[in-house]
Student: 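What follows is a single structure, and I will ask about it in a moment.
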Amino acid sequence: MPLFASRLPHVGQTIFSEMSQLALEYNAINLGQGFPNYQMDSHLINLVSKAMQDGNNQYAHSNGVPLLRQKIAEKVAFLYGTELNADQQITVTPGGTYAIYTALTAILHPGDEVLVFEPAYDSYVPNIELNGAKPAFVHLQAPDYTIPWEKVWQKVNRKTKAIIVNSPHNPTGRVLSEEDIVQLKSLIQKFELYIISDEVYEHLIFDEKKHLSLLRYPELLGRSFVCFSFGKTYNCTGWKLGYAIAPADLMVEFRKIHQFNCFSCFTPTQVALAQFLEEKEAYLELGETMQSKRDFFQKSMIGAPFQALPSHGSYFQCYNYMGEWKETGIDLSKRLTKELRVATIPVSAFYHDGGEPNQIVRFCFSKTEDVLQEAANRLHN
Ligand code: PMP
Ligand code: GLN
């Protein structure tokens, strides 16, 4: 036992590590933790290799390779119509999770509160608590998981420092609507709030929905840290590379922390991505590819004892097993892994208290069709 008190006394291993480990142990198909089972673009791999051969192997600029930041600014102008100052507003980070943590650390002081919608990606709450602040929870209800704005307005008070939004949303696949944007705008007009916008799944969007990035709205961007992940966009979650975008004054504070926490990110991938970002199809076609995987899996699951909930983005879809089994999500997920050899993630893990008794599990469908089909076959059992 360590001789000091834990900073996170109630936290154990994340559900993603737990289920992936169990999947390995039982040789199960892993539809739990979110990552593709197929190879990333070989051209991008070659560009990294070339970057290393060319000698790009020393510390990069602390804020990120300048050409990469310039290319990110061009991409943002192309996609969202917003002109950014690449020197002052963009910082390359070791992944999206780190960007979110650094943003929260930049703004939070002990006693502050942060509005968190549940179900929520599991790093948000520990990140808030490590900064001495407290989460204030607003529950989203299945099957649509729309934001109950009247509850948000009731929860905001003078201690509320920030709100975290995530679109497309993990685990539900819900995407922000025009009405959500209207509400966010009036919220920050009324209260001195900052927004952490987790947009790591920006390109994984379906059904002709448009990604309503907060980068589109100058009044929202003026108060936001918007966080992205190259791992999600280029099928390389193991690269752990992403970036944050914020107004210049907020970014100054973000960088004060970043320079002492990691200083700079892996250079070769940054050099490669600066070139690869020119190839727009690589990210523009991603939504369509992922939508066809969602549809394929959903079709394969017809007749299995699971009912699909709507998912308009991310590479996740939630399925209800109510009526079929009485056990909790975590018990069912473990049993499916051990007995049917298909790993999933219980949605209860995305609530600080397990949520209301919800019999819903999340499947990750960024897999090849043979694997999705085999998983569905096993789940029909
Ligand atoms: N936010 C959400 C909602 C995610 O699902 C993930 C995936 N891990 C991240 C952030 C972080 O991505 P990264 O691996 O780049 O840290
Ligand atoms: N974002 C991934 C998921 O939701 C997992 C990331 C992680 O393992 N921390 O499955």
Side-chain angles (χ1 to χ4, degrees), residues 11-24 29-37 40 64 72 91-104 116-128 140 145 164-176 195-205 211 213-214 225-245 258 261-262 265-266 269-270 273 290 311-318 329 333 337 343-351 360-367:
V11 165
Q13 195 185 32
T14 80
I15 188 70
F16 307 115
S17 306
E18 189 181 347
M19 292 310 300
S20 282
Q21 231 162 280
L22 201 67
L24 264 181
I29 295 175
N30 192 351
L31 304 190
Q33 190 178 29
F35 61 88
N37 76 328
M40 60 179 294
I72 292 170
T91 302
V92 177
T93 62
T97 313
Y98 173 103
I100 295 161
Y101 184 49
T102 307
L104 287 165
V116 178
F117 296 110
E118 282 193 325
Y121 182 54
D122 70 343
S123 71
Y124 303 158
V125 171
N127 287 183
I128 293 165
L140 309 176
Y145 297 101
I164 303 180
V165 291
N166 169 213
S167 180
H169 184 253
N170 181 4
T172 69
R174 199 215 167 226
V175 300
L176 282 180
I195 307 168
I196 314 290
S197 186
D198 179 347
E199 303 187 12
V200 300
Y201 300 107
E202 69 178 320
H203 299 297
L204 306 176
I205 190 149
H211 175 52
S213 173
L214 298 207
F225 291 90
V226 191
C227 303
F228 298 91
S229 170
F230 287 115
K232 306 293 175 187
T233 302
Y234 294 122
N235 299 319
C236 52
T237 58
W239 281 21
K240 291 302 293 190
L241 199 70
Y243 54 98
I245 295 176
H258 168 67
N261 210 9
C262 122
C265 299
F266 189 62
T269 47
Q270 294 190 63
L273 282 163
M290 219 52 90
S311 165
H312 300 298
S314 79
Y315 38 49
F316 305 116
Q317 185 158 20
C318 291
S333 294
T337 309
T344 64
I345 301 285
V347 168
S348 56
F350 293 79
Y351 294 83
I360 299 172
V361 289
R362 186 197 80 175
F363 290 98
C364 171
F365 52 76
S366 60
K367 311 289 170 189

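Each ligand, and each atom within it, is numbered from 1 in the order the structure gives. Given the structure is predicted, the values throughout are model-derived calculations rather than measurements. Values below: every heavy atom of this structure, side chains too, minus hydrogens, waters and symmetry copies.
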Student: Please state which option from G231, S167, C364, S229 has its nearest heavy atom closest to atom 15 (O) of ligand 1.
Tutor: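 Closest candidate by heavy-atom distance is S229.
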Student: Under 4.0 Å from a heavy atom of G96: which atoms of ligand 1 are those, numbered in the order shown and with their elements?
Tutor: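 In order of numbering, the contacting atoms are 12 (O), 13 (P), 15 (O), 16 (O).
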Student: For atom 8 (N) of ligand 1, what's the nearest protein heavy atom and its distance?
Tutor: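 I find the closest protein heavy atom is Y121 OH, 2.9 Å.
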Student: Would you mind listing which atoms of ligand 1 come within a distance below 4.0 Å of any non-hydrogen atom of G95?
Tutor: 15 (O), 16 (O)
Student: Distance to 0.1 Å, residue and atom name: give those for the protein heavy atom nearest to atom 14 (O) of ligand 1.
Tutor: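 Looking only at protein heavy atoms, the one closest to atom 14 (O) of ligand 1 is K240 NZ, 3.0 Å.
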Student: Can an N or O of N166 be found at a distance shorter than 3.5 Å from an N or O of ligand 1?
Tutor: no
Student: Please work out which of Y315, Y121, Y201, F316 has its closest non-hydrogen atom nearest to atom 9 (N) of ligand 2.
Tutor: Y121
Student: What is the ring orientation for F230 with Y243, classed by angle as parallel under 30°, tilted 30 to 60°, or perpendicular over 60°?
Tutor: tilted
Student: How far is atom 11 (C) of ligand 1 from the closest protein heavy atom, and which atom is that?
Tutor: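 Its nearest protein heavy-atom neighbour is T97 OG1, 3.0 Å.
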Student: Does even one non-hydrogen atom of T237 get within less than 4.0 Å of ligand 1?
Tutor: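 Distance cut 4.0 Å: T237 fails for ligand 1.
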Student: Check P168 against L204 and note the closest heavy-atom contact, atom names and distance.
Tutor: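 It is CG-O, 3.6 Å.
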Student: For atom 1 (N) of ligand 1, what is the closest protein heavy atom, and at what distance to 0.1 Å?
Tutor: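 Protein heavy atom with the smallest distance to atom 1 (N) of ligand 1: D198 OD2, 2.5 Å.
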Student: Just to confirm my output: which protein heavy-atom neighbour is closest to atom 7 (C) of ligand 1, and how far is it?
Tutor: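 Among all protein heavy atoms, the one nearest atom 7 (C) of ligand 1 is K232 NZ, 2.7 Å.
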Student: Nearest to atom 4 (C) of ligand 1, what protein heavy atom do you find, and at what distance?
Tutor: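 Nearest neighbour among protein heavy atoms for atom 4 (C) of ligand 1, to 0.1 Å: Y201 OH, 3.5 Å.
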Student: Are the aromatic rings of H211 and Y201 close, with centres under 6.0 Å apart?
Tutor: no
Student: Could you walk me through whether Y98 and H258 pass ring-ring contact (aromatic ring centres under 6.0 Å, His included), step by step?
Tutor: CA-CA 9 Å; Y98 173 103; H258 168 67; 5.7 Å; yes
Student: If the cut-off is 4.0 Å to any non-hydrogen atom of K232, which atoms of ligand 2 fall inside it?
Tutor: 1 (N)
Student: After noting the C-alpha distance and the side-chain angles of N166 and Y124, does the key distance pass the side-chain contact (heavy atoms from CB on, under 4.5 Å) rule?
Tutor: CA-CA 11 Å; N166 169 213; Y124 303 158; 3.4 Å; yes
Student: Between Y121 and V200, does the side-chain contact (heavy atoms from CB on, under 4.5 Å) criterion hold? Intermediate values first, please.
Tutor: CA-CA 12 Å; Y121 182 54; V200 300; over 6 Å; no
Student: Report yes or no: does T14 have a heavy atom closer than 4.0 Å to ligand 2?
Tutor: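 No, T14 has no heavy atom closer than 4.0 Å to ligand 2.
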Student: Between M19 and N30, is a side-chain contact (heavy atoms from CB on, under 4.5 Å) present by the stated rule, with each step listed?
Tutor: CA-CA 8 Å; M19 292 310 300; N30 192 351; 5.7 Å; no
Student: Would you find a donor on one side and an acceptor on the other, under 3.5 Å apart, between the side chain of S366 and the backbone of F35?
Tutor: yes
Student: Quick one: does R174's side chain have a donor or acceptor within less than 3.5 Å of a partner on S311's backbone?
Tutor: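 No; zero donor-acceptor contacts below 3.5 Å.
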Student: Passes side-chain contact (heavy atoms from CB on, under 4.5 Å), T269 versus Y234? Steps please.
Tutor: CA-CA 12 Å; T269 47; Y234 294 122; over 6 Å; no
Student: If you measure from each heavy atom of M19 to ligand 2, is any distance below 4.0 Å?
Tutor: no
Student: What is the closest protein heavy atom to atom 8 (O) of ligand 2, and at what distance does it sit?
Tutor: Q33 NE2, 2.7 Å
Student: How does T97 reach ligand 2, by side chain, by backbone, by both or by neither, if only non-hydrogen atoms under 4.0 Å count?
Tutor: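 It is neither part, as no heavy atom is under 4.0 Å.
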Student: Check for a donor-acceptor pair, side chain of Q270 on one end and backbone N or O of G64 on the other, with a separation under 3.5 Å.
Tutor: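 No: the side chain of Q270 does not pair with the backbone of G64.
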Student: G34 heavy atoms, cut-off 4.0 Å: which ligand 2 atoms fall inside?
Tutor: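 Once the distances to G34 are compared, the set is 2 (C), 3 (C), 10 (O).
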